[in-house]
Amino acid sequence: MKIIVQHTAIPENEVILRCPALDEEMLGILTLLRSGLQRLGVWDEARTLTLIAPDQVVYCESVDDRVFVYTQQTIYHTALSLGELESRYASLGFVRIGRPVLVNLHHIRTLKSRPGGRVEILLETGEKLMASRHYAPLLRERLGL
């Protein structure tokens, strides 16, 4: 792939993709470009609404019919269900590791196999999560293992 960057005096940034066909590489680039434009509406304990980029999300957890969004620094709430988060952001690395938990693959530091087919996940934040035996094969597949 050839990449050209031109600095010109235009009022707005512009990206042009030229290709003979939309292959996996081009679709990946489009997903990456679109992910920078997406925002997730979340709020904190003070009910202050914040728009965050999906790549800031380390993991999401459902507890007592409330969905919590964990970033490096803060815990937020969202009105979206885990299923909605998973379907919207699967292409950005969100994968389900248990019925109540989604993890962002880009924030995983290490994986360790555990008895019963489970997988222990150490995140960049130092937190540990456990992928259930039901979801562990999907996790391994998404990571290309």
Side-chain angles (χ1 to χ4, degrees), residues 1-6 12-145:
M1 174 177 24
K2 182 173 148 183
I3 298 175
I4 299 171
V5 178
Q6 297 175 342
E12 184 178 7
N13 290 338
E14 179 181 53
V15 176
I16 299 171
L17 299 176
R18 291 189 182 103
C19 58
L22 272 179
D23 57 10
E24 287 298 317
E25 181 181 39
M26 294 306 285
L27 290 173
I29 291 168
L30 284 170
T31 299
L32 182 62
L33 289 170
R34 287 185 182 132
S35 71
L37 302 174
Q38 294 182 25
R39 292 289 180 252
L40 172 61
V42 295
W43 65 89
D44 58 17
E45 289 299 323
R47 304 287 295 168
T48 303
L49 180 65
T50 306
L51 298 176
I52 62 172
D55 64 351
Q56 290 180 269
V57 176
V58 177
Y59 73 100
C60 304
E61 180 179 38
S62 176
V63 178
D64 296 331
D65 294 326
R66 293 172 57 182
V67 177
F68 295 91
V69 174
Y70 296 82
T71 65
Q72 294 277 359
Q73 300 85 15
T74 312
I75 301 171
Y76 295 105
H77 303 273
T78 183
L80 298 175
S81 69
L82 286 181
E84 290 170 322
L85 289 167
E86 184 178 22
S87 64
R88 282 186 189 189
Y89 304 121
S91 63
L92 303 178
F94 283 44
V95 64
R96 187 156 322 227
I97 61 164
R99 193 177 58 76
V101 183
L102 287 177
V103 69
N104 186 338
L105 298 176
H106 303 288
H107 291 280
I108 293 176
R109 185 180 295 160
T110 63
L111 300 173
K112 187 183 287 188
S113 291
R114 290 292 181 202
R118 298 177 305 152
V119 176
E120 182 181 285
I121 301 165
L122 177 64
L123 299 171
E124 292 173 344
T125 59
E127 293 179 80
K128 290 182 181 179
L129 300 176
M130 193 68 67
S132 73
R133 65 187 172 118
H134 178 76
Y135 290 99
L138 175 63
L139 174 65
R140 288 185 182 102
E141 178 187 318
R142 291 285 307 274
L143 288 169
L145 303 174

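All residue numbers refer to positions in the sequence shown, counting from 1. Only a predicted model underlies this, so the values are computations on that prediction, with no experimental measurement involved.
Side-chain contact between V57 and V42 is absent, with no heavy-atom pair separated by less than 4.5 Å. For the pair L139/L105, a side-chain contact is recorded, criterion being any heavy-atom separation below 4.5 Å from C-beta on. Put simply, the side chain of V103 reaches to within 4.5 Å of the side chain of L123, judged on heavy atoms. Considering only heavy atoms from C-beta on, L85 comes within 4.5 Å of L40 through its side chain.
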Can you give the donor-acceptor pairs under 3.5 Å from side chains of residues 129-137 to other protein atoms, not counting sequence neighbours?
| from | atom 1 | to | atom 2 | distance (Å) |
| --- | --- | --- | --- | --- |
| S132 | OG | Y135 | N | 3.4 |

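For residues 136-145, the set of pairs meeting the side-chain hydrogen bond (donor to acceptor under 3.5 Å, both in side chains) definition, not counting sequence neighbours, is empty. Applying the salt bridge (charged side-chain N to carboxylate O under 4.0 Å, His left out) rule to pairs touching residues 68-90 yields E86-R96, sequence neighbours excluded. Annotation: salt bridge (charged side-chain N to carboxylate O under 4.0 Å, His left out) contacts involving residues 57-76, sequence neighbours excluded, are absent. Sorted by first and then second residue, the salt bridge (charged side-chain N to carboxylate O under 4.0 Å, His left out) pairs with a member in residues 99-121 read R114-E120, E120-K128; sequence neighbours excluded.
Smallest separation of non-hydrogen atoms from G41 and L51: CA-CD2, 3.7 Å. Between S62 and L82, the closest heavy-atom pair is CB-CD1, 3.6 Å. Closest non-hydrogen pair, F94 versus C60, comes out as CE2-SG, 4.2 Å.
Atom-to-atom distance recorded for I121:CD1 and T110:OG1 is 9.5 Å, nearest 0.5 angstrom.
Residues meeting the side-chain hydrogen bond (donor to acceptor under 3.5 Å, both in side chains) test with S87, sequence neighbours left out: none. For Y70, the ring pair (Phe, Tyr, Trp, His ring centres under 6.0 Å) partners are Y59, not counting sequence neighbours. Looking at residues two or more places apart in sequence or on another chain, you find a side-chain contact (heavy atoms from CB on, under 4.5 Å) between Q73 and T71. By the side-chain hydrogen bond (donor to acceptor under 3.5 Å, both in side chains) test, E45 pairs with H77, sequence neighbours left out. Residues passing the side-chain contact (heavy atoms from CB on, under 4.5 Å) test with A79 are W43, sequence neighbours excluded. Evaluation of the side-chain hydrogen bond (donor to acceptor under 3.5 Å, both in side chains) rule for E124 yields Q72, H107 as partners, not counting sequence neighbours. Remark: L49 engages no residue in a side-chain contact (heavy atoms from CB on, under 4.5 Å) (not counting sequence neighbours).
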With side chain to side chain contact (heavy atoms under 4.5 Å, CB included) as the test, would you mind laying out the steps for L143 and L111 before giving the verdict? CA-CA 11 Å; L143 288 169; L111 300 173; 3.3 Å; yes

